[in-house]
Amino acid sequence: MTTNDLAARAHALRQQLTRYGHEYYVLDAPSVPDAEYDRLFRELQTLEQQHPQLKTADSPTLRVGGMPLPEFSQITHSVPMLSLGNAFSDMQQDDFARRHAELLQFDERIRRELAESPIRYATEPKFDGLAISLLYRDGVLVQAATRGDGITGENVTENIRTIHAIPLKLELAHPPTLLEVRGEVLMLKRDFERLNAEQLARGDKTFANPRNAAAGSLRQLDSRITAQRRLSFFAYAIAQVEGADWPLSHAGEMDWLQQLGFPVVAQDLRPVVEGAAGLAAYYESVLQRRATLPFEIDGVVYKVDSRAQQEELGFVSRAPRWAIAHKFPAEEALTLVEAIEEQVGRTGAITPVARLQPVFVGGVTVTNATLHNEDEVLRKDVRVGDTVIVRRAGDVIPEVVSVVLERRPMRPAAGGDLFSQGEEAQYPPYRLPSHCPVCGSHVVREAGEAIARCSGGLSCKAQRSQAIQHFAGRRMMDIDGLGERYIDKLVEYGYVHGVADLYRLTLDDLLQMKRRADEDEGVTPETVKAGKVASKWAENLLQAIAASRQPALARLLFALGIRHVGESTAKTLADWLGSLALIRRAPAALFAALPDIGGVVAQSLADFFAEANNEAALDALLHYVAPADEHPPSAKLGEQLDTAVLLARLAIPRLTEVRSQQLATQISGLEQLARMERRQLLLLQLPAEVVNALADWLDEAANRQALQQLAALRTEILSSLPQDTLTAHPLFDGKTFVLTGTLPTLSRDAAKALIEAAGGKVAGSVSKKTHFVVAGADAGSKLAKAQELGVAILDEASLQAMLQQTAD
DNA sequence: CTCCCTCGAGTTCT
DNA sequence: CTCGAGGGAG
């Protein structure tokens, strides 16, 4: 045969095999016997082996897998893979009425948002597998990635190619130049059972459930192993299309995907329904059919069918508002409470935990279940020795649902006479200990709080260890290799008392600590190899500690573990105030002037830095660590230092937002107020009770002094602010925009990003505070509301024009 | 004052 | 993932 003939033969074989494969794996209707398929497959394999130039990226021979990878590479999703919200509460299987009520509520919310009725919903089962993104360029599968954290996932292209149900090439004369398909990889129940039987016969470990089997199979670095596992796939969404028309509805997308050769769930399992009644009927019918389905599902999904309506609803943080998961009631099991013990958290929170007789539920063996807090234990009246119903809440976290009272161990009532039949429980109701189980300090429960806390602070070993653990965490100082176990030991043996001590650790310290820890735990005596492993570990750890010495300011702030200050608040502080020095000096009112920081968080910050121990620990830490990105306060801070704003943040009794504004107009500044006497205050045009409260407040020397300090700090900050206002766009700065309808070229997110970059804010709904409404095609109620309120209305062109008018 | 949303904190198992 | 609490909008 000539080269051309060979190429033609290879091409023909590929086409034939792809078609047979599709018939077999997707349509479940093979037209040729397996032997025939195998014969053609081997012919193509041989041909490609002998003539490597004939290999293609879409050849069915790729389905057998290739060389093992050293590791999966990371892939950034260009369209984030979001998770679905769940607006429904857990309930019993048979609680139709409550379920229906919740569906009505959900449907009503959507109708209100869209100002339309009835709403058409596309439905589908919620597969219990792994979400995957598939990228096709010019019709050829070029990349497959796991969901990961939604932003970045792992590159599993080789493994995905071995899944026969996934087309390697779209059979179209003119495929889209770009297509990103989302779907779920899973293992059918029958394939799972077969796999486990094989594993058992081979003496390999079996998988707890099909989901774990699918995950374990897909995450093989050796794709040849993946190829031997029978994985299936169902497509359920399109994330990107270029070079083809994007269907206008979800149902349309699904039909198109099916035409393109993707397996999608059978049509009768994904009806388009109307309103709450349609959703309810769908839910109940799928629940009925659940056991007979060939794959595991953990609920159903409802999606607003119209893509225009989807765009209008948009997103909240990382979940679309137009799609929602409705989970089935979780599987439940009975087990025995062997003990109730308490854990002490980083902030001293005392959490009761039920130690359970191990029980297999929802795919794993559960031995512990949190009881959250004292009230929760008492409400459920869980006691030692009780038989309880447990389940995995959201199919993840074990939870005690209720006690089976009939099975509570009893004994005859004490003091009962011969005639009384009285019995009493062997164990009394649960009581939270009055002293910390770790350090013995008093346990305090603030009025109105659900959580009791150990008052020991950092003198409590549990809190100290966990403070250090928090400090070292990935999103904080990111010290790799410093796990819980070693931190506990470092604290226990006295190598580390506070976070600064980490930076003083030597190689010897670490090796000594490890040796002692191993001895304490009866780990086998040292070998030469173990010694090498240990010193490698210690070196890596020292390197990781050294690498953490120039953190971003926000990370350092988060790492300090200040109550109520998490990742997001830490970032706000770093962005607005810029330097640790300023943050350490700032009074509560300054914190409270920042966005999303209110009185409680502000006070918590001020308290932290006012505490001498914390200041000392911070000073010690700063011998070794320096934030790498300190800068002057943000230019935006200037507006927040407005006299009226600061007055309102001082938490002066009776001085409301409105009164603060009135007061601000009558004084020249905070300095003046700080000097005013009661008789001068009486001249202010404010209600008498406000003036009195203000005067009383100023009578406290500490308050007056705090006000003076705030005034001085304000002046100082204002003079240090960058003078240029280059970031602020005059037409956008401080203005609120609302987007509605579909813009001709900009996506919703792109428009939002542009407005925010120019200093504007984008809100979800129109109110009298809205400055501009940007309306596109099919704009709905928001446009009407804007017209009603007389809010300025822009189209995309005028928005762009406004953006163009920069500082000229 | 009352929603509604976001953020913080705690948690399990592999 | 879920709960509770804090913050802000209406």
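Letters go in sequence order (proteins before strands), and every chain restarts at 1.
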**Complete:** Whole-Å distance, A:Leu605 CG to B:dG8 P, equals 11 Å
**Prompt:** In whole Å, what is the span from the CD atom of A:Glu108 to the P atom of B:dC3?
**Reply:** 14 Å
**Fill in**
A:Asn373 atom CG is separated from C:dC3 atom P, nearest whole Å, by 12 Å
**Request:** Please state how far atom CG in A:Asp596 lies from atom C1' in B:dC5, giving the value in whole angstrom units.
**Result:** 10 Å
**Fill in**
Whole-Å distance, A:Arg391 CZ to C:dT2 P, equals 10 Å
**Message:** Please encode protein proximity along nucleotides 9-14 of chain B as a string of B, S and -, counting only heavy-atom distances under 4.0 Å.
**Reply:** SSBSS-
**Request:** Indicate yes or no: does A:Arg355 engage A:Glu338 in a salt bridge with an N to O separation below 4.0 Å.
**Result:** no
**Prompt:** Would A:Arg563 and A:Thr347 count as a side chain to side chain donor-acceptor pair (under 3.5 Å) if you check the C-alpha gap in whole Å, the side-chain angles of each, and the deciding distance to 0.1 Å?
**Reply:** CA-CA 7 Å; A:Arg563 274 249 259 155; A:Thr347 61; 5.4 Å; no
**Asked** Any donor-acceptor pair under 3.5 Å linking the side chain of A:Asp128 with the backbone of A:Glu296?
**Response** no
**Item:** Shortest non-hydrogen separation from A:Ala602 to A:Ala588 and the atoms involved
**Value:** CB-O, 3.4 Å
**Request:** Let me know the distance between CG of A:Asp375 and C1' of C:dG4, rounded to the nearest Å.
**Result:** 12 Å
**Counterpart residues, ring-ring contact (aromatic ring centres under 6.0 Å, His included), relative to A:His77 (two or more places apart)** = none
**Prompt:** To the nearest Å, how far apart are A:Arg445 CZ and C:dA5 C1'?
**Reply:** 15 Å
**Message:** Could you tell me how far apart A:Leu594 (CG) and B:dC7 (C1') are, to the nearest whole angstrom?
**Reply:** 16 Å
**Message:** If I compare all heavy atoms of A:Ala586 with all of A:Leu590, which pair ends up nearest, and what's the gap?
**Reply:** CB-CD2, 3.6 Å
